[in-house]
4 protein chains.
Amino acid sequence: MTPPAHARRNEKSREAIIAAAFELCAERGFAATTIEAIAARAGVGKQTIYRWWGSKAEVLIEGVRIHRDASAGFPDTGDIRADMATQTGNVMRLFHTEFGAIWRGLIAAAQTEEAAAEGVRRILRVSIDEGVARLERARELGQLRAGLDPELAIELLYGPIYHTWLLRTRPVDEHYMTEVLAALGPALFTEPTAG
Amino acid sequence: MTPPAHARRNEKSREAIIAAAFELCAERGFAATTIEAIAARAGVGKQTIYRWWGSKAEVLIEGVRIHRDASAGFPDTGDIRADMATQTGNVMRLFHTEFGAIWRGLIAAAQTEEAAAEGVRRILRVSIDEGVARLERARELGQLRAGLDPELAIELLYGPIYHTWLLRTRPVDEHYMTEVLAALGPALFTEPTAG
Amino acid sequence: MTPPAHARRNEKSREAIIAAAFELCAERGFAATTIEAIAARAGVGKQTIYRWWGSKAEVLIEGVRIHRDASAGFPDTGDIRADMATQTGNVMRLFHTEFGAIWRGLIAAAQTEEAAAEGVRRILRVSIDEGVARLERARELGQLRAGLDPELAIELLYGPIYHTWLLRTRPVDEHYMTEVLAALGPALFTEPTAG
Amino acid sequence: MTPPAHARRNEKSREAIIAAAFELCAERGFAATTIEAIAARAGVGKQTIYRWWGSKAEVLIEGVRIHRDASAGFPDTGDIRADMATQTGNVMRLFHTEFGAIWRGLIAAAQTEEAAAEGVRRILRVSIDEGVARLERARELGQLRAGLDPELAIELLYGPIYHTWLLRTRPVDEHYMTEVLAALGPALFTEPTAG
DNA sequence: CGTTAACCGAGACGGTACGTCCCGTCTTTTC
DNA sequence: GAAAAGACGGGACGTACCGTCTCGGTTAACG
């Protein structure tokens, strides 16, 4: 999404733009954030944004990627059920922060704008791969239901999360993930061996 | 979303506006569809749109509702697994038509605009309730796993559909729903009684 | 230059735009006057300017035309030499006011922009015709050199005025027009009959 | 307008810039010619233009000066009326070439920009002085009306030329200068001696 | 004869204005 | 009195250039 790193590029401007975009999304939401406002807040000419990114979505995606790279990966305590609960809980919590609002905006943009879709996909790919890797380790310990495709398993898990978060068909309380995991248990995991 | 039906209201305009909105979304996509273009296409003053709806999303939601009311409900052949496969297959097929593009746009709008979110929610509510009703009938036949909340079950099923459709993390082939249902089977259903 | 008078047109905006354009030209000069600034000063959307005029030059030309229509015509005391001195003196004085700066800008614009050239031409046409009419009256009194084309005579007179004013090859003192008229006398007029 | 010749200055760039400026003015007109385009066409950095000139007008003025220095001066056949006709005819012809379009642009720029005005003035000064010198020679031969200021005479002559050329109040045919000279004759010259 | 300072091409940068597109409101006229 | 038509004030769009500012790379004068 970003043209290949350019020697002459001003790193300070790049950072200021991403930071301004995040601030403005936090303050007034994704839809009300404009390139003009980002440029003004960052103390930058509009052209400098258009030179390196194709839309506000691409700016934010670069910011999200940086944010994501700096955050913890999938937990691995050896207990796959517990780790899944931890991870999905983290995700749901994240979704209710400012970051969630930005991510929501990006997913909306991705419905319309191919570049945004590509960025969203790339970000999700990493998370999915982490989840798949964790499931592979669980499989080696015999914790996974036989014949289960790990990537499909991740979708079974994240699907309901995104469904309730994006479509808001019902209020989500803090036990939601517990219920989802409990219900999905028989589809995903072998019975935990007794204590 | 629509003000209470008004005696004086011009029914022809109402229909022309909704039809124009659908056409334009089909031709140029949700994001590129504007109120001005809808009004021009419908041969209507802009004010007439603003008088009765709050945004293009609301116009489309009314159209989607009409469309939905005219379509078949949840199938019920007695075989819950087969009916689920039929229904989810229908949904996925629908998502790849022009209607899908509109629905995609409305979900995007719902991330930002409360009125759209409300409309989306109301439309989904009906579909979910139909699914829940179908599952209740299955439960009476002992086809459902004990202790399963039917609404949660619907989310376990539709979650992955929306996840792959909205986030496009991977190409979806025609067997996708078969695999999802197979994987979810142990979580949702009792073993089908032999022959 | 202006589209045919339109019933729906907002007269207040039209006047505010012309007034704002004049003010801004007076304050910062023709070149530094922008459509954006005119719109802002007039409390008007830019589109409202672009809807009715093609450029700032056309706005100003409309203003100049109104200004010109409201001003006195060619003097006629019976003494053609004196009237010419009065008139050319008035013109030169006018050229050193704010109005002169605007007229200067419009002539500059006319070098580049056909619509401005057309406007300038139309404004000048009226003044030239007035001069021609005055000379025709002088001819009837036998004050004009035989065989002189009155329109050419006007050009012989105004030519040096515009030459010094636009090209500024030398400072112009208040006697300049006296000298020009004295020098042109033999070319234009018959000897005044001794009195 | 040009800083004092500098030893290090790249002569090739200087020439390329002036040539590019002339080409671009010829192709798209003075107003549409930009410093960026000149730099690109000349294969030169923008800074190299800004280092040596203050504006595109100054670049063109330097080019015009070179052009002018290379062209013939005022003719002198001994017959002042004929020489004036020759010279003014040459000028009017020149005004209808590409060079005329550039000169027109510079005069327009001079209305707004002091440096351009200064350049225009300097170029005109030389031509006026040549004309004045020619008239002085005519005076010695008794061809000039007594008491006529030669510089004023030049303005009486060039005034109408610039008036019609810049203000375009009427189409100018090839006899225009003949008529102007014929009409001005009594103001400028003594009667040609018979035979 | 190596150093060094200016010039050079290139082009990113902070800006300003452009002319356009729509927004949602308002006004006029018609049915 | 709803509806068509569309002008209006406004805000953002994405683009074009402005004039300034690095950045390496020549290149010519000086030490």
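Here is the naming used below: chain letters follow the sequence lines, and residue numbers restart at 1 for every chain.
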What donor-acceptor contacts under 3.5 angstrom involve side-chain atoms of residues 25-32 of chain D, with partners at least two apart or in another chain?
| unit_1 | atom_1 | unit_2 | atom_2 | d |
| --- | --- | --- | --- | --- |
| D:E27 | OE1 | D:R41 | NH2 | 2.9 |
| D:E27 | OE2 | D:R41 | NH1 | 3.0 |
| D:E27 | OE2 | D:R41 | NH2 | 3.4 |

Of the nucleotides F:dA12, F:dC17, E:dC8, which has the atom closest to the A:T34 side chain?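 Out of F:dA12, F:dC17, E:dC8, the nucleotide with an atom closest to A:T34's side chain is F:dA12.
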Return the nearest nucleotide to the side chain of A:Q47; candidates are E:dC8, F:dC17, F:dT20.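 Taking heavy atoms from C-beta onward, the closest nucleotide is F:dC17.
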Separation of atom [atom1] in [X] from atom [atom2] in [N], rounded to whole Å:
| X | N | atom1 | atom2 | answer |
| --- | --- | --- | --- | --- |
| C:E113 | E:dC18 | CD | P | 12 Å |
| A:I17 | E:dA12 | CD1 | P | 13 Å |
| C:R9 | E:dT29 | CZ | P | 16 Å |
| C:K12 | E:dT27 | NZ | C1' | 13 Å |
| C:R28 | E:dT16 | CZ | C1' | 12 Å |
| D:I49 | F:dC21 | CD1 | P | 18 Å |
| C:K56 | E:dC18 | NZ | C1' | 12 Å |
| A:W53 | E:dC13 | CH2 | C1' | 13 Å |

For DNA chain F, whose closest nucleotide is more 5', that of C:T48 or that of B:S13?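 The answer here is B:S13.
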Using the C1' atoms of the five pairs at each end, what is the angle between the end axes of the helix from E:dC1-F:dG31 to E:dC31-F:dG1, to 10°?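 End-to-end axis angle: 10°.
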Where along residues 35-46 of chain A does a heavy atom come under 4.0 Å from DNA chain F, residue by residue in number order?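 Result for residues 35-46 of chain A: A:I35, A:E36, A:K46, sorted by number.
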Just verifying a value: how many Å separate B:I123 CD1 and B:I107 CD1, rounded to the nearest 0.5 Å?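 One gets 9.5 Å once the value is rounded to the nearest 0.5 Å.
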Distance from A:R9 atom CZ to A:R51 atom CZ, nearest 0.5 Å?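 A:R9 atom CZ to A:R51 atom CZ measures 9.5 Å (nearest 0.5 Å).
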Stepwise, does the side-chain contact (heavy atoms from CB on, under 4.5 Å) test hold for C:E62 with C:W53? CA-CA 9 Å; C:E62 185 168 335; C:W53 294 278; 2.8 Å; yes
For A:F99, which residues count as a ring-ring contact (aromatic ring centres under 6.0 Å, His included) partner, sequence neighbours excluded?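 Here the qualifying residues are A:H67.
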Please determine whether a side-chain nitrogen or oxygen atom of B:W52 lies at a distance below 4.0 Å from atom OP1 or OP2 of F:dA3.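 The answer is yes; a side-chain N or O of B:W52 sits under 4.0 Å from OP1 or OP2.
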Is any side-chain nitrogen or oxygen of B:R51 closer than 4.0 Å to OP1 or OP2 of F:dA3?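 For F:dA3, OP1/OP2 do have a side-chain N/O of B:R51 under 4.0 Å.
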Closest-nucleotide ordering on DNA chain E, the 5'-leading residue of B:Y50 and A:N10: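 The residue closer to the strand's 5' end, by nearest nucleotide, is A:N10.
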Could you work out, with salt bridge (Lys or Arg N to Asp or Glu O under 4.0 Å) as the rule, every residue matching A:E98, not counting sequence neighbours?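 Residues passing salt bridge (Lys or Arg N to Asp or Glu O under 4.0 Å) with A:E98: none at all.
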Please enumerate all residues that pass side chain to side chain donor-acceptor pair (under 3.5 Å) together with B:Q47, with sequence neighbours excluded.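 Side chain to side chain donor-acceptor pair (under 3.5 Å) list for B:Q47, sorted by chain: empty.
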Check side chain to side chain contact (heavy atoms under 4.5 Å, CB included) between A:A42 and all other residues, then give those that pass, not counting sequence neighbours.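 Result, side chain to side chain contact (heavy atoms under 4.5 Å, CB included) vs A:A42: A:A16, A:I17, A:A20, A:V44.
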Checking B:E15 now: which residues fulfil side chain to side chain contact (heavy atoms under 4.5 Å, CB included) with it, not counting sequence neighbours?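 For B:E15, the residues satisfying side chain to side chain contact (heavy atoms under 4.5 Å, CB included) (neighbours in sequence not counted) are B:E11.
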Counting N and O atoms only, with roles assigned by atom type, does the side chain of C:R168 sit under 3.5 Å from a partner on the main chain of D:A117, one being a donor and the other an acceptor?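 It does not hold such a pair.
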Got a donor-acceptor contact below 3.5 angstrom from the D:E36 side chain to the D:K46 backbone?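 Pair absent, no side-chain N/O of D:E36 close to backbone of D:K46.
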Sort and list the pairs that fulfil salt bridge (charged side-chain N to carboxylate O under 4.0 Å, His left out) and have at least one residue in residues 104-116 of chain A, not counting sequence neighbours.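 Every pair satisfying salt bridge (charged side-chain N to carboxylate O under 4.0 Å, His left out) with a residue in residues 104-116 of chain A: A:E114-A:R121.
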Base-contact (B) and sugar-phosphate-only (S) positions in nucleotides 24-31 of chain F, heavy-atom cut-off under 4.0 Å, - elsewhere: -----S--
